[in-house]
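Here the structure is a predicted model, which is why all the values come from computation and not from measurement.
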Number of protein chains: 2
Amino acid sequence: MALTIKEAAEHTGLTVHTLRYYEQEGLLKALKRDERGNRLFEPEDLDWLYFIRCLRDTGMPVAKVKHFAELAFKGDHTMRERLQILQDHKRSTERKVEEMNSFLEKITHKTVWYENLVREREQAAEKV
Amino acid sequence: MALTIKEAAEHTGLTVHTLRYYEQEGLLKALKRDERGNRLFEPEDLDWLYFIRCLRDTGMPVAKVKHFAELAFKGDHTMRERLQILQDHKRSTERKVEEMNSFLEKITHKTVWYENLVREREQAAEKV
DNA sequence: TGTTGACTTCAAGTGCACTCGAAGGTGTAT
DNA sequence: ATACACCTTCGAGTGCACTTGAAGTCAACA
């Protein structure tokens, strides 16, 4: 049922180092331990880690994820603030995606331009 | 015609520090200087900087931009290699955008979920 | 029995990309 | 004349997010 740190790492795509780092930074609420003190990751911890990945991979700094986590651990009365953070992050991610798309367009243009140039040179080479 | 470093910074959205850093790292070909040794940014330098921004803002590391720059400075015989780099980067950027979009979806879901929860609590509060 | 491998802690190290500070030169405005 | 805003170089410092190392415990396998 509960996973070891290694299994949790495999499931989330994070390293065991990063998982320990996240716990120590306060991004995870105190994990259960077995008799030997080994960390146990329960399904809800995994869900939380997937969500952390979402936030991190869309550019939220660890410190901000930590803040969000602390609010979540405090209970329901922090919901409005958490909602605000999510809405802001959603908007900033949307902007980022738009920006990425416009950069992607420029890169595509340049690529096409290069492709044409390379093709021309090869045709010119054939004629010789 | 040619811009000072400050003006170039304003046009490209980079800082003067970053511009000097880019030159020193070899991302820019030797800039012209005025009588006093001050850098002069010509339109083609600006174009190149815009393109660098494209690459950087889509996640290409400085070292790789540098490699691309060096190829470009070497002349036309490096075109195939440059094309290859651009094609690869284009693909990796496309993947990144797709990933961002899927993360964005999850964040949107979570946001909506929070919005509903907050609304419910407020309605419950009204009844009391 | 010994060695392999997974886990633990704590602290220090790394890599990237800036970012800043010190020390100094020059041109224009008051 | 002196202050201010700009520029220069070189080298060191910063911030973030890991990442690694050292030193140790424990259980299972050959």
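A donor-acceptor contact closer than 3.5 angstrom links the side chains of B:Gln84 and B:Asp88.
Contact of the A:Lys110 side chain with the B:Lys90 side chain is not registered, since no non-hydrogen atoms from C-beta on lie closer than 4.5 Å.
For DNA chain C, the outermost nucleotides in 5' to 3' order that have an atom under 4.0 Å from a heavy atom of chain A are C:dA6 to C:dT9.
Within 4.0 Å of A:Thr4, counting heavy atoms only, lie sugar-phosphate atoms of the nucleic acid but no base atom.
For DNA chain C, the residues of residues 28-58 of chain A within the heavy-atom distance limit of 4.0 Å (strictly under) are A:Arg33, A:Gly37, A:Asn38, A:Arg39, sorted by number.
Using a cutoff of 4.0 Å between basic side-chain nitrogens and carboxylate oxygens, A:Glu99 and A:Arg95 are not scored as salt-bridged.
In this entry the distance linking CG of B:Leu19 with C1' of D:dC7 reads 13 Å, nearest Å.
No more than 12 heavy atoms of other residues, nucleotides or ligands lie within 6.0 Å of CZ in A:Arg80, so this atom counts as exposed by the packing criterion.
With respect to A:Lys29, the salt bridge (Lys or Arg N to Asp or Glu O under 4.0 Å) criterion is satisfied by exactly one of A:Glu70, A:Glu44, A:Glu23: A:Glu44. When A:Leu3, A:Asp45, A:Asp34 are each tested for a side chain to side chain contact (heavy atoms under 4.5 Å, CB included) with A:Leu40, only one passes: A:Asp34.
Of all heavy-atom pairs between B:Phe41 and B:Leu28, the closest is CE2-CD2, 4.2 Å.
If B:Gln24 and B:Lys6 are placed on DNA chain D by their nearest nucleotide, the residue sitting closer to the 5' end is B:Lys6. In this structure, B:His17 and B:Met60 both approach DNA chain C, and ranking their closest nucleotides by distance from the 5' end singles out B:Met60.
For the atom pair CG (A:Leu104) and NE2 (B:His89), the distance works out to 8.5 Å, reported to the nearest 0.5 Å.
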